[in-house]
Amino acid sequence: MNRESTLYKVVVLGVVSAVCGVLLSWINGITAPIIKAAAEAKEKANLEMIYPGAEFTAVETYDDPSGKITGVYTAEGKGMVYKAHVIGYSSNGIDFLVAINDDGTFGGFQVLSQSETNGFGSRCFEEDHMNKIRAMSVGDDVPLLSGATITSTALKGGIEAAEALFAGE
Amino acid sequence: MNLFSIFIASLLVNNVILSKFLGMCPFLGVSTKLSSAIGMGVAVIFVILGASVVSWVLYYYALVPLGLEYMELICFILLIASFVQFVEMFVKKTSPALYKSLGIYLPLITTNCAVLFVAMDNITQKYNLIETAVNSVAVAGGFMLMLVIFATIRERLEGSDMPKAWKGNPIAFVVAAIMAIAFSAFAGLV
Amino acid sequence: MSEEKKKKSLIDQLIYDNPVFGLYLGICSCLAVTTTITNALGMGLAVIVVLVLSNILVSLVAPFTPDEIHIPVYIVIIASLVTIVGMVMQAYMPSLYDALGAFIDLIVVNCIILGRAEAFASKNGVAASARDGFMMGLAYTLSVFMMGFIRQILGTGVLALKNPLTDTTLFSLRLLPNGFDIPIFTTPTGAFLVFAVLAALVTFYKNTKDAKAAAAEKARKAAEAKEKAAKAAAAKAAAAAKQAAAKEA
Amino acid sequence: MKFLYAILIAGSLLALNIFLLIANKNTPVPEGCENLVPDCKGCAITSCAIRNSYTKGDTN
């Protein structure tokens with residue numbers, strides 16, 4: 001079976017793809033659970049920040065026309081938590097959690113990741129502006145921040161999408 | 001995100017070369033003459049569009065049902081290589097003129113970082129098929145736009161005198177830095 | 001190549017034919033992930049691991065693969081190695097994996113890996129390929145670390161190294177006073193500028209080295225020419241002396 | 001069990017790539033463009049080793 005015959009090539013091809021397939025599945029078998037566990041733990045830690053000690057169940061189906069909501073969780077007896085991703089000034093976008101209590105008032109507001117320009121966009125994530133949002137309730141308009149219009153309007157979009165979902169419940 | 005904002009975002013705001021640094025190899029090598037820049041640009045548009053759409057279909061109809069998401073990288077790189085081979089063969093067969101202006105750049109595209117990035121970015125952004133096509137064309141358009149702009153600048157650059165150490169690619173990076181400043185004006189557009 | 005030229009000194013291998021600033025290989029990832037030295041070292045480590053393993057595997061597989069199909073086979077080997085490194089990193093170093101993002105997967109198209117596999121590993125033994133892979137990986141890591149070092153100090157004023165496994169800050173040094181950091185160095189513009197300066201420095205080092213080698217070469221050739229001329233003159237003198245003796249006799 | 005599908009997909013894509021690689025190498029270059037190398041100074045940079053092996057493959 002000389003080296004250039006097609007049969008030899010098929011054998012080499014078979015061996016290489018077999019080894020690579022088996023190796024990958026085996027390694028994936030080991031690492032996948034660890035990755036999943038770490039992701040869930042991180043998610044839970046974020047949710048705990050808003051409603052400490054509450055029981056969270058993920059809501060699978062929700063129709064969100066704006067496409068900004070990336071996760072919805074119900075906290076037993078407390079309210080709903082919405083995870084949103086919006087694009088502000090920087091293209092990596094902003095991820096945040098907003099919680100709405102059953103009675104319509106805001107239960108909490110937590111930013112997970114953002115890379116807005118510091119000095120301008122990042123002013124939206126300082127405590128005083130965040131507290132203004134936390135003091136809101138469904139229906140009143142979201143406070144904007146002069147000098148950080150792009151970022152605050154992006155946040156406004158995300159919060160309104162969450163309110164729409166809450167109202168739609 | 002509607003289609004138009006995806007298009008503008010990928011074309012100008014997060015341009016594949018200036019804000020994601022992808023496709024730097026062909027950007028440096030090809031962009032000394034305008035005609036070769038345009039030839040490379042069109043070839044890249046064609047390959048990125050085709051490869052991304054085929055990769056998207058393979059991912060959502062073969063890898064996800066079987067739960068083999070981790071095979072994504074191997075399948076995409078093999079798919080892109082095969083697609084480039086197929087396109088080169090097709091161009092060789094159908095039109096010599098097209099091959100003369102376009103075909104010779106095709107083998108270079110196999111190792112182009114931008115093609116693989118776009119194919120995988122469409123998956124991470126969870127685009128549907130139409131958005132994938134629009135995003136691919138926009139990214140490739142951005143790539144070609146940069147190539148053409150850079151070729152015109154670089155043709156003038158050849159004549160100018162500069163310290164020997166800066167000749168060739170180092171000065172190209174300085175020009176790219178200045179263009180990055182210019183393009184950062186688009187940030188926040190979308 | 002003469003023996004001396006092949007056994008290049010360590011510095012030459014790391015700087016003279018530096019893969020990133022000299023041959024412009026693998027610049028996509030080098031520009032993107034070097035905002036902090038933790039990312040830079042993480043990326044460098046990943047490239048070293050993939051490069052060494054792929055060189056070893058390629059040098060093992062090369063004798064069996066027919067010439068026509070060796071590229072796809074090498075691509076599959078490198079892609080599986082990169083996927084494995086990506087999975088391990090995502091499992092055990094999640095914060096580093098998020099920071100590097102898609103650039104771990106882009107190691108596959110990084111010209112250093114395939115270039116080295118094709119040019120060196122397929123023709124040499126396992127040990128030589130592994131060592132060569134490690135050297136190239138080290139040169140890449142050095143270049144990426146240099147970029148990260150400069151960009152982090154200028155861009156944020158603080159030099160901080162985080163241990164990716166436990167995500168704790170190993171050390172954090174504030175070098176520039178608070179208001180004096182130049183944030184542009186964390187943006188693409190800064191990346192291009194720092195890369196341009198380093199590439200110019202490497203080219204300058206190369207030019208001076210070549211000039212010195214050329215000068216040495218010229219000097220050696222001049223010495224040889226002088227020596228030949230002297231020998232010829234001596235031979236002519238001896239012939240003249242022999243002729244004179246013959247005339248007397 | 002899942003790794004069977006993994007092997008199947010990887011193998012078929014690799015086979016596709018090899019088949020196209022060989023088929024592409026055997027299709028004749030249209031007349032008039034035999035020794036057409038992209039006129040770019042730094043093309044060796046763009047494609048690292050692949051470009052050289054292709055041209056080596058075409059010429060010999």
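Per chain, numbering begins at 1; letters A, B, ... match sequence-line order. The analysis underlying the following values was restricted to heavy atoms, covering all of them including side chains, and did not include hydrogens, waters or symmetry mates.
- For residues 8-18 of chain D, the interface with chain C (any heavy-atom pair closer than 4.5 Å) comprises D:L14, D:N17, D:I18, sorted by residue number.
- Atom CZ of C:F120 has more than 12 neighbouring heavy atoms from other residues, nucleotides or ligands inside a 6.0 Å radius.
- Residue C:Y205 places its OH atom among more than 12 non-hydrogen atoms of other residues, nucleotides or ligands, all under 6.0 Å distant.
- The minimum heavy-atom distance linking D:L21 with C:E68 is given by the pair CD2-O, 3.4 Å.
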Solution key, residues 76-96 of chain C side-chain donor-acceptor pairs under 3.5 Å, sequence neighbours excluded:
from, atom 1, to, atom 2, distance (Å)
C:S80, OG, C:V76, O, 2.4
C:S80, OG, C:I77, O, 3.3
C:T83, OG1, C:A79, O, 2.5

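- Within 6.0 Å of CZ in C:F204 there are 12 or fewer heavy atoms belonging to other residues, nucleotides or ligands.
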